[in-house]
Structures are given as structure tokens and as C-alpha cells.
Chemist: 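Next up is a structure, given as C-alpha cells.
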Amino acid sequence: MVGLVLVAHSAGLAVETAALARSVAGEDTPIAAAGGAAAGGLGTSVDVIEKALRTVEQGDGVVVIADLGSSVLSARLLEEPGRVVLADAPFVEGAIAAAVAAGGGAALADVLAAAEEARGFRKL
């Protein structure tokens, strides 16, 4: 199954978004939160992201969804084409769409596409 890593500047935001996505997609969906700086507080950390990648990797690849700015830059350092890919997606909507696709057994490219299609979700 494809794993998901949610990278946010706030650990709380990452944890709660992961919990929301898991509640929609199913508890077995491999989702890890990688929020906050390594020493705590706001920020991002390549080490925190890397640890999260290891926890969700099951051999089918990992989609990383980042909130903004430096979280994107940090995540890009760990990209590996065909194995670890960064989605250009809104954080919450992308996480849920990707989680549903991953939980349904979709391939890496399809999970990535689901996350990125969330950019077009209309709310009104």
C-alpha cells in the first residue's frame, strides 16, 4: 500500500490532519505526521520527515504532502522518483483525497494524482 507523509510547520496540524485523513480512509492506511522542528516548536525538519517516511514505506512508494514554504523545500530533499514523490496539493483536501486512494489500494501515480486533483475542489 502507498504511504502518506504529511509535513507541516506545526506538529499539531500534521497530527490532526493525519487523524482526519485516517478516519476517512481507514485505520490501516499508512499515514505519518511530520510536523514541527526537530527540537519542537514551529518549523520543519528533514530528520523528522525522513523518520516519518520510514514508518509508512511498505514497498509501494510514499506521497508527501506539505503545507507551505520551507516544508516543501525540506520534503524536496528527500524525493526519489518512483518511490518518494511530493504532491502539489492543498494540505487538508490533498491529504484526504490521497488517503482515500491509498486506502483503496491505488498505485503511487494514482495516489499522487488524487492529491493533486484536490486543487480543483470547489467549496461553493
Side-chain angles (χ1 to χ4, degrees):
M1 185 178 292
V2 173
L4 301 174
V5 172
L6 306 182
V7 182
H9 283 75
S10 161
L13 176 61
V15 167
E16 290 302 322
T17 304
L20 175 63
R22 197 175 292 109
S23 72
V24 173
E27 291 299 317
D28 294 333
T29 306
I31 304 171
L42 294 178
T44 59
S45 164
V46 172
D47 292 337
V48 170
I49 299 167
E50 192 169 40
K51 181 179 177 185
L53 287 169
R54 285 193 304 269
T55 66
V56 299
E57 173 59 53
Q58 297 185 356
D60 296 317
V62 178
V63 172
V64 179
I65 300 173
D67 65 350
L68 50 97
S70 64
S71 63
V72 174
L73 298 174
S74 296
R76 290 196 81 157
L77 294 172
L78 298 169
E79 281 185 299
E80 293 180 37
R83 185 177 160 299
V84 178
V85 295
L86 179 61
D88 182 10
F91 192 68
V92 176
E93 294 90 337
I96 292 171
V100 169
L108 180 63
D110 296 323
V111 175
L112 177 63
E116 292 183 342
E117 287 170 7
R119 281 192 317 257
F121 291 174
R122 294 187 50 103
K123 296 183 182 182
L124 296 178

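Values in this document were obtained by computation on a predicted structure and should not be read as measured data. We're numbering straight along the sequence, starting at 1.
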Chemist: Between the side chains of Thr44 and His9, does any donor sit under 3.5 Å from an acceptor?
Modeler: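 There is no such pair (donor and acceptor under 3.5 Å, judged by atom type) between the side chains of Thr44 and His9.
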Chemist: When you compare the side chain of Val5 with that of Thr55, does any pair of heavy atoms fall below 4.5 Å?
Modeler: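 Not in contact.
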Chemist: Linking directly or through intermediates, with side-chain heavy atoms under 4.5 Å: list the remaining ILVMFWY members grouped with Ile65, chain and number order.
Modeler: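 Members alongside Ile65: Val2, Leu4, Leu6, Leu13, Leu20, Val24, Ile31, Val63, Val85, Phe91, Val92, Ile96, Val100, Leu108, Val111, Leu112.
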Chemist: Is there a side-chain contact between Val64 and Val84, using heavy atoms and a 4.5 Å cut-off?
Modeler: yes
Chemist: Compare every heavy atom of Ala21 with every heavy atom of Ala95, then report the nearest pair and how far apart it is.
Modeler: O-CB, 3.9 Å
Chemist: So how far is it from Asp47 CG to Glu50 CD, rounded to the nearest 0.5 Å?
Modeler: 6.5 Å
Chemist: Run the salt bridge (charged side-chain N to carboxylate O under 4.0 Å, His left out) test against Glu80 and tell me which residues pass, sequence neighbours left out.
Modeler: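 Arg83.
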Chemist: Return the minimal non-hydrogen interatomic distance between Ala118 and Ala97, and the atom names on each side.
Modeler: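 Ala118 and Ala97 have their closest heavy atoms at CB-CB, 4.4 Å.
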Chemist: As an exercise, state the distance from NZ of Lys51 to OG of Ser45, rounded to the nearest 0.5 Å.
Modeler: 10.5 Å
Chemist: Is there any side chain to side chain donor-acceptor pair (under 3.5 Å) pair reaching into residues 13-33, and which pairs are they, with sequence neighbours excluded?
Modeler: none
Chemist: So, do Val7 and Ser74 sit near enough that their side-chain heavy atoms are less than 4.5 Å apart?
Modeler: no
Chemist: Is any side-chain heavy atom of Glu117 closer than 4.5 Å to a side-chain heavy atom of Glu93?
Modeler: no
Chemist: For Ala52 versus Ala33, what's the shortest heavy-atom pair and its separation?
Modeler: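 Distance-wise, the nearest heavy atoms are CB-O, 4.2 Å.
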Chemist: Quick one: closest heavy-atom pair of Met1 and Pro30, and the distance?
Modeler: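 Closest approach of Met1 to Pro30: SD-CD, 3.1 Å.
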Chemist: Same cluster for Val72 and Val46 if Ile/Leu/Val/Met/Phe/Trp/Tyr side chains link at under 4.5 Å?
Modeler: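 Yes: a chain of side-chain contacts under 4.5 Å links Val72 to Val46.
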Chemist: Do Ile49 and Leu77 land in one hydrophobic cluster if side-chain heavy atoms of ILVMFWY residues count as linked below 4.5 Å?
Modeler: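 Shared cluster, yes.
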Chemist: Ignoring hydrogens, what is the shortest heavy-atom contact between Ala34 and Ala14? Give both atom names and the distance.
Modeler: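 Heavy atoms of Ala34 and Ala14 come nearest at N-CB, 4.0 Å.
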Chemist: Do other residues, nucleotides or ligands put more than 12 heavy atoms under 6.0 Å from the CZ atom of Arg54?
Modeler: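 More than 12 within 6.0 Å, yes.
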